[in-house]
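To start, the structure itself, in structure tokens.
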Amino acid sequence: MKIIAITNQKGGVGKTTTCVNLAASLAEHGKRVLLVDLDPQGNASTGSGIDKTHLKGSIYQVLIDSKTLQDVIIHAEAAKFDVAPSNRDLAGAEVELVNEMARETRLKNAILKLGDAYDFVLLDCPPSLNLVTVNALTAAHSVMIPMQCEYYALEGLSDLVNTIKKVRAHLNPVLEIEGLLRTMFDNRNMLAQQVSAQLVNHFGKKVYQTIIPRNVRLAEAPSYGMPVLLYDRASKGAQAYLELAQEIIQKN
Ligand code: ATP
Ligand code: MG
């Protein structure tokens, strides 16, 4: 079982889009996949076709130890992967966990109880480096960092890399950077090309070969509660995420 945290404290860089579509693409390649939604916005849950108003429970209850992951997991029928959903309740977790024992290892312990039920567990992190994100980084084997190739992208990256170093030193010695994913890429944009080249210069093989293009189908699919693979399989976005899944399977 490989646990990958999809993280970037910068908002709107394509974390959730990557989590949902990578989950669907790995499932399409025959892998057993669990998506854990760690954002109170619950976008990964709705984007996977889960109705947030009819949950057996949510990841919030798992983090405060009142339910197990098995209790809350729902199978996303059409998309062929499992989801541990989230909703607004999770916004309170931060405050409630502050004085609790083992507050950083709650998610890790919950996932360990699943045994070998999945090939991949993908963690969709919120856009901050809060306690929930620290739980994700503590539970994960590796971090996938989606990013837009913009001027400030590299600056934000150093904060994240420092947080990863701290978690590695204190909570999770095996944590590594799985890869950096260029998202919403526009080939005609000169700045994007420059930042992309800098990224490869600096991080070398850690940058995925697969590039996710800007593609309107990727933005439309969530409003139908579908990964893009189900919404428009032939689209450039769907094909890019299938290719990313292949690249990740080969690396792991
Ligand atoms: P947050 O930090 O709020 O959790 P996020 O990093 O999870 O955001 P997404 O929600 O995946 O980012 O994407 C932000 C917006 O950009 C969404 O409206 C999404 O549909 C759109 N989007 C993501 N990737 C692409 C893409 N490759 N092409 C076009 N639109 C995209
Ligand atoms: Mg998100």
Side-chain angles (χ1 to χ4, degrees), residues 4-25 35-50 52 58-60 79 83-88 90-91 93-94 122-133 135-137 140 143-150 152-153 156-157 159-160 163 178-189 192-193 195-196 207-245 247:
I4 304 175
I6 301 183
T7 312
N8 190 336
Q9 77 280 11
K10 193 163 168 15
V13 295
K15 294 180 286 295
T16 300
T17 303
T18 296
C19 207
V20 170
N21 290 298
L22 181 58
S25 299
L35 183 163
V36 180
D37 190 347
L38 291 170
D39 192 327
Q41 295 178 94
N43 291 341
S45 306
T46 28
S48 304
I50 305 292
K52 278 187 294 185
S58 73
I59 197 69
Y60 164 74
V83 179
S86 167
N87 58 23
R88 280 268 142 236
L90 185 61
E94 193 75 9
L122 305 181
L123 313 175
D124 184 33
C125 295
S128 65
L129 295 172
N130 62 13
L131 186 51
V132 173
T133 300
N135 260 271
L137 295 177
V143 186
M144 177 188 292
I145 308 171
M147 54 186 299
Q148 279 182 269
C149 290
E150 296 172 339
Y152 290 111
L157 214 51
D159 289 341
L160 180 53
T163 303
E178 168 84 23
L180 287 98
L181 178 67
R182 289 163 286 179
T183 59
M184 297 181 229
F185 197 78
D186 177 1
N187 229 341
R188 294 159 303 180
N189 181 326
Q193 287 186 24
V195 174
S196 171
V207 182
Y208 291 109
Q209 276 176 14
T210 307
I211 297 177
I212 309 300
R214 185 170 283 285
N215 178 246
V216 68
R217 295 304 202 201
L218 284 168
E220 288 166 1
S223 57
Y224 298 90
M226 286 180 196
V228 73
L229 206 51
L230 297 175
Y231 176 63
D232 184 356
R233 197 191 168 92
S235 65
K236 286 213 165 66
Q239 294 303 311
Y241 277 108
L242 280 172
E243 194 184 314
L244 178 67
E247 192 177 342

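Ligands are counted one by one from 1 in listed order, and the atoms in each one are counted from 1 as well. Note that the coordinates shown come from a computational prediction; the quantities given were computed from them, not determined experimentally. Just so you know, these numbers use all the heavy atoms, side chains as well, and skip hydrogens, waters and symmetry mates.
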Selection from Met184, Glu220, Lys15 by shortest heavy-atom distance to atom 25 (C) of ligand 1: Met184
Protein heavy-atom partner closest to atom 3 (O) of ligand 1 - residue, atom, separation in Å: Gln41 NE2, 3.6 Å
Nearest-neighbour protein heavy atom for atom 17 (C) of ligand 1, which is reported as residue plus atom name and distance: Thr17 OG1, 4.8 Å
Closest protein heavy atom to atom 10 (O) of ligand 1, given as residue, atom name and distance to 0.1 Å: Thr16 CB, 4.0 Å
Distance in Å, Met226 CE paired with Glu220 CD, rounded so as to fall on 0.5 Å steps: 12.0 Å
Sidechain-backbone polar pair: Ser86 side chain, Asp39 backbone, donor-acceptor under 3.5 Å: yes
Contact partition for Asp39 relative to ligand 1, non-hydrogen atoms under 4.0 Å: side chain
Protein non-hydrogen atom found under 4.0 Å from atom 15 (C) of ligand 1: no
Distance in Å, Gln41 CD paired with Asn87 CG, rounded so as to fall on 0.5 Å steps: 12.5 Å
Protein heavy atom at shortest distance from atom 30 (N) of ligand 1: Ala219 CB, 3.8 Å
Rounded distance [0.5 Å steps], CD1 in Ile212 versus CG in Leu181: 5.0 Å
Min heavy-atom dist Thr183 to ligand 1 below 4.0 Å: no
Val132 versus Leu38, closest heavy-atom pair with distance: CG1-O, 3.6 Å
Backbone or side-chain N or O of Val216 under 3.5 Å from ligand 1 N or O: no
Contact atoms of ligand 1, heavy-atom distance to Val13 under 4.0 Å: 5 (P), 6 (O), 12 (O)
Nitrogen or oxygen atoms of Asn43 and ligand 1 under 3.5 Å apart: no
Interatomic spacing from CZ in Arg233 to CG in Leu242 - rounded to 0.5 Å: 5.5 Å
Close side-chain approach of Ser235 to Val228, heavy-atom, < 4.5 Å: yes
Check: Ala192 main-chain N/O paired with Glu150 side-chain donor or acceptor under 3.5 Å: no
Minimum-distance protein heavy atom relative to atom 29 (C) of ligand 1: Asn215 O, 3.3 Å
Rounded distance (nearest 0.5 Å) linking atom CG of Asn189 with atom CD of Gln148: 10.5 Å
Thr16 N/O/S atom closer than 2.8 Å to the Mg ion (ligand 2): yes
Test of proximity, Arg214 against ligand 1: N or O pairs below 3.5 Å: no
Pro213, Gly237, Gly14, Gly12: member with heavy atom nearest to atom 27 (N) of ligand 1: Pro213
Proximity of Ile212 to ligand 1 by residue part, where a heavy atom lies under 4.0 Å: side chain
Contact atoms of ligand 1, heavy-atom distance to Leu218 under 4.0 Å: 26 (C), 27 (N)
Gap between atom CG of Leu22 and atom CD of Glu247 - 0.5 Å precision: 10.5 Å
Per-atom contacts of ligand 1 with Gly11, taking only distances under 4.0 Å to non-hydrogen atoms: 2 (O)
Passing option when Tyr241 is tested against Thr18, Thr17, Asn21 for side-chain hydrogen bond (donor to acceptor under 3.5 Å, both in side chains): Thr18
Contact check: Thr18 vs ligand 1, nitrogen or oxygen atoms, below 3.5 angstrom: no
Enclosure of Lys236 NZ (heavy-atom neighbours >12, cutoff 6.0 Å): no
